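Input: a single structure, listed below in structure tokens.
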Amino acid sequence: MPEAPAGTLYRGREGMWSWLAHRVTGFAIFFFLLVHVLDTALVRVSPEAYNAVIGTYKNPVMGLGEAGLVAAVVYHAFNGIRITLIDFWSKGTRYQRVMLWIVIGLFVVTMAGFLPRHLGNVFGGH
Amino acid sequence: MSTEIAPETGSAEQAPGGAPVREPQAAAVASGRGERPDDGSFDVTLRIRRYLPEKDATAYWEEFTVRANRTDRLLDALHTVKWEIDGSLTFRRSCAHGICGSDAMRINGRNRLACKALLKDLDPAKPITVEPIKGLPVVKDLVVDMEPFFASYREVMPFLITGGNTPSAERRQSPEDRARYDDTTKCILCAACTSSCPVFWNDGQYFGPAAIVNAHRFIFDSRDEGGAQRLEILNDKEGVWRCRTIFNCTEACPRGIEVTKAIQEVKRAMITRAF
């Protein structure tokens, strides 16, 4: 049976994209935590094994991954506050769009403070 | 009504000489037509998702170019297609004035009523995509099976529940009490909200925004005594807690109901009731 051609993407607005980003970042953070529990548990195997594994993280690819992880956590945290306000503040639904722009603003400010220092450490080679 | 829409064929009518002509955007009617007076009419292409199960098991896209007026709505253009080009095109519409809630469809990727969407607001320079609403089984072309939607609606008991003797006069209510649920009385059950909800697309068991809106209408009615029962029904795995505050429903509602706000109020009513 031939496949039907795809339908169009639903063109939701800020609420839909913020929800999608919240999901994606949440998923990414979950997988990080999974790996993080495993590598931290290695310290119980032997401190040398732990040090060896952590040592392999010290390369530019993982450095960029760390930047992505912080970005995901920062967005997820600020947007989580927005969602909490939508849930518990009676005017929250009416200001959800404004609050998303505040979230994005806080995200940009936080990342602007973090990224230069972090990327300096990753690529500065000291 | 767009009586002068003349699709495809070169219209015989000759414009009074020298009137400025608006260039048609679509190329379908290139020759044969005489100059038209600038009455503000324009050519518009509809890209419609067709599904004719008796002919073809799969859906496909089909384009129609029709002439439309500035005052025409998408519904008028669909009528022109059905009445003058292809009678097999199938869609629902009853009142055609935004009250019956029959003609909700996905227009340029967003749920709208075809009878409330003006073509000139939809950027007619580009083809306008028209699809059936999402998440409900398509029966034919733009017609979907609304039964799952109405089943959820019935489950919240959308009628006044009272106890004791019926009063001999009307049940009185203060303007303040009436205003409490005014927003959710406006629902016309068009399913634009429910079929815009990503949670509903992935899980057809979810009650959906429309059912919750109609529960809200009675939960916050001071005359109604079935509130606790309704909250119990919606305090379900597939009830209000599945709402992820995505706001597609609020944006899609042709009646301007703050749907997400109503859902949140029902959630909060459940929490406050528990303590």
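No hydrogens, no waters, no symmetry mates; every other heavy atom, side chains included, goes into these values. As the structure is a computational prediction, the values presented were derived from the model and not from experiment. Naming: A, B, ... by sequence-line order, numbering from 1 per chain.
Among all heavy-atom pairs drawn from Tyr10(A) and Asn111(B), the shortest one is OH-N, 3.1 Å. When all heavy atoms of Trp61(B) and Pro5(A) are compared, the pair lying nearest together is CD1-CG, 3.7 Å.
Proximity to chain A (any heavy atom under 4.5 Å) is shown, for Ser196(B), by both the backbone and the side chain. Both the backbone and the side chain of Arg244(B) come within contact range of chain A, with heavy atoms under 4.5 Å apart.
Within a 6.0 Å sphere centred on OH of Tyr95(A), heavy atoms belonging to other residues, nucleotides or ligands number 12 at most. Applying the 6.0 Å contact sphere to CZ of Phe27(A) captures no more than 12 heavy atoms from other residues, nucleotides or ligands. Lys186(B) NZ: more than 12 foreign heavy atoms inside a 6.0 Å radius. Dense packing is recorded around CZ of Arg180(B), with more than 12 heavy atoms of other residues, nucleotides or ligands lying under 6.0 Å away.
Between Ser90(A) and Arg268(B) there is a side-chain heavy-atom pair separated by less than 4.5 Å.
Counting only distance, with no hydrogens or angles, the side chain of Arg110(B) and the backbone of Arg11(A) share a donor-acceptor pair below 3.5 Å.
Comparing Glu265(B), Glu258(B), Lys267(B) by heavy-atom pairs within less than 4.5 Å of chain A, the highest count is held by Glu258(B).
Between the side chains of Gln96(A) and Thr245(B), not a single donor N or O lies within less than 3.5 Å of an accepting N or O.
For the atom pair CE of Met16(A) and SG of Cys197(B), the computed distance is 11.0 Å after rounding to the nearest 0.5 Å.
Partner of Thr8(A) under the side chain to side chain donor-acceptor pair (under 3.5 Å) criterion, out of Lys134(B), Arg47(B), Glu131(B): Glu131(B) alone.
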**Message:** If you apply the rule side-chain contact (heavy atoms from CB on, under 4.5 Å), what do you find for Phe247(B) with Ile86(A), and how did you get there?
**Reply:** CA-CA 11 Å; Phe247(B) 290 95; Ile86(A) 292 170; 3.8 Å; yes

